[in-house]
2 protein chains.
Amino acid sequence: MATGRTHRPATRSRGIPEATVARLPLYLRALTALSERSVPTVSSEELAAAAGVNSAKLRKDFSYLGSYGTRGVGYDVEYLVYQISRELGLTQDWPVVIVGIGNLGAALANYGGFASRGFRVAALIDADPAMAGKPVAGIPVQHTDELEKIIDDNGVSIGVIATPAGAAQQVCDRLVAAGVTSILNFAPTVLSVPDGVDVRKVDLSIELQILAFHEQRKAGEEAAGEPGAVPLAPKESGKGPDGDVPAVMPA
Amino acid sequence: MATGRTHRPATRSRGIPEATVARLPLYLRALTALSERSVPTVSSEELAAAAGVNSAKLRKDFSYLGSYGTRGVGYDVEYLVYQISRELGLTQDWPVVIVGIGNLGAALANYGGFASRGFRVAALIDADPAMAGKPVAGIPVQHTDELEKIIDDNGVSIGVIATPAGAAQQVCDRLVAAGVTSILNFAPTVLSVPDGVDVRKVDLSIELQILAFHEQRKAGEEAAGEPGAVPLAPKESGKGPDGDVPAVMPA
DNA sequence: CCATCTTTGTGCACGCGTTCACAAAGACAT
DNA sequence: ATGTCTTTGTGAACGCGTGCACAAAGATGG
């Protein structure tokens, strides 16, 4: 079992709180939409509504970046787009590799949201020799054997894992060994990585389970789960719907 | 523009903190794996390691569910699997519809993690008439016109939106009107929904942007973004890598 | 039945994130 | 210039989540 660092102290990078960083892409998206409509300025109130957050939170978030607004007027859309892009590092080009070109991998390869924000799919990699050479989203799939070379040649530092759970850790290890320092993991596994490597995990099943939890709550305790299963079953009570919290987390 | 409730007070459902709910699926996965290996009991330490969390946190999380452990021994795997499943509402069957059968929708339809946890893909829906009848993952795609009927006939309360951004709000409105009260949104849009409807958002592009932020940080301020773009540029300083926080959020 | 050893369950303190509420800053009209 | 009006930027309070550290609970062996 490959044991390694997994937790993260959630150290604040620079002065920008992590929670803020996680919202910046949200603001950026809203701002980009405004920019395309040639809207010159927005108030924190308007932008907050568009991004689906509280305006006070938005202002505080922006305050971490600097004083980019004009009192009595609002924020200059173009300027803010640039500032946030720069802060997020989107003014540069990020070559990305996607490993595991199954349904999900193919979907990711075809996903338009990447290219539009400075991400470039440098290569698609799959362990199935039959896939090799076959173009997906206009990019020929390469075999896993080439992984290290691809990473090296393209200076890839961000890898996306869309393999089955069983292969994920192994792929992860190879990516890291080859120099990748950021991983977006779609496989339902906890990845162990050395310090200095960031892992973000997206788990579809988990998201649904969280929804199910709230759904069950909303349905009330009418039929409170089918009985006659396991004995013992202390505690049971209360109610009250709603509530939400993320399920995508570090490491 | 369909305006509606978007925020959520993050009210604590019952006594279980949202952060805990978000981790339960994680524990469940680890426990299921142990169960398959016929491991009878686990200590909080072992399970925490398997789930990638702190053992104290895990114990506190479980304490919200009840006192299901035995001091000096640990937790009974089977029993805990059942308790968590029940708490998450996975002991019942959740019919789910997926709207938008593009690459991503197809990937979701094929995703095995659903069926294994009480979720059943009741129908696949797409706006393209050419898709109608075509089987994806063994399920024939149905046209959007049938949406309301499908929701109603199958008693669907959870919907997955995998359409392009432009269609998302419209689809969302129809799902909600038809009776869906939980939505998993993959479209890069902020959805407006009435009170009582839960929305969880998964945004691939956002995840990558957050990684890019940290990556940029790790790369140091060597080449601190290409200059010569926008004027003005107050503040600039510090450094320090690492840090992580989720980007999947309510509404 | 008692001693010892393991592991849970939790009281407590700390820090991050959110929100309120308002003073400061600037635009704009007169 | 001066006053009014709008909107930002932030100080401060609060609440949630995390992690420490330990007492209580039970298993196990003699």
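The sequence lines fix the lettering, A, B, ..., with proteins before strands; numbering per chain opens at 1.
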Polar pair under 3.5 Å, donor/acceptor by atom type, side chain Lys60(B), base dG19(D):
yes
Taken to the nearest whole Å, CD/Glu45(B) to C1'/dC20(D) is 13 Å
note: Asn54(B), atom CG; dG19(D), atom P; distance rounded to Å ~ 5 Å
So, is Ser44(B) close to the dT8(C) phosphate, meaning a side-chain N or O under 4.0 Å from OP1 or OP2? yes
Leu65(B) atom CG is separated from dT8(C) atom P, nearest whole Å, by 15 Å
Whole-Å distance, Leu58(B) CG to dT7(C) C1', equals 12 Å
Checklist entry - Is there a donor on the side chain of Arg71(B) or the base of dT7(C) sitting less than 3.5 Å from an acceptor on the other? => result no
Whole-Å distance, Lys57(A) NZ to dG9(D) C1', equals 17 Å
### Test side-chain contact (heavy atoms from CB on, under 4.5 Å) applied to Leu108(A) and Phe186(A), step by step
CA-CA 11 Å; Leu108(A) 294 171; Phe186(A) 286 89; 3.7 Å; yes
TODO: Say whether, by atom type as modelled, one donor and one acceptor occur between the side chain of Glu46(B) and the main chain of Ser43(B) under 3.5 angstrom.
DONE: yes
Of dA27(C), dA21(C), dG9(C), the nucleotide closest to the side chain of Ser67(B) is dG9(C)
If each end axis of the helix from dC1(C)-dG30(D) to dT30(C)-dA1(D) is fitted on five C1' pair positions, the angle between them, to 10 degrees, is 10°
Whole-Å distance, Arg23(A) CZ to dC16(C) C1', equals 11 Å
Here the distance between atom P of dG19(D) and atom CZ of Arg59(B), to the nearest Å, is 12 Å
Practice problem: Compute the centroid of each ring, for Phe62(B) and then for Tyr68(B), and state whether the two points are separated by less than 6.0 Å. | Solution: no
- Item | N-O pairing of Glu207(A) and Lys201(B) below 4.0 Å | no
**Item:** Tyr111(A)-Phe114(A) aromatic ring centre distance below 6.0 Å
**Value:** yes
Checking dA27(C), dT18(D), dG17(C) against the side chain of Thr70(A) (C-beta onward), the nearest is dA27(C)
From CG of Asp61(B) across to C1' of dG19(D) the rounded distance in Å is 12 Å
Q.
Using a heavy-atom cut-off of 4.0 Å across all strands, would you classify Tyr75(B) as base, sugar-phosphate, or nothing?
A. sugar-phosphate
Looking at dT7(C), I'd like to know if its phosphate oxygens (OP1 or OP2) sit under 4.0 Å from a side-chain N or O belonging to Ser43(B). no
Quick note, Ser63(B) side chain, CB onward, closest among dT8(D), dG9(C), dT18(D) is dG9(C)
Practice prompt. Taking only Lys NZ, Arg NE, NH1 and NH2, and the carboxylate oxygens of Asp or Glu, determine whether Glu18(B) and Arg23(B) approach each other closer than 4.0 Å.
Written response: no
*Should Tyr27(A) and Val53(A) count as side-chain neighbours, where that means a heavy-atom distance under 4.5 Å?*
yes
Of the candidates dG26(C), dA27(D), dC20(C), the side chain of Ala56(A) sits closest to dC20(C)
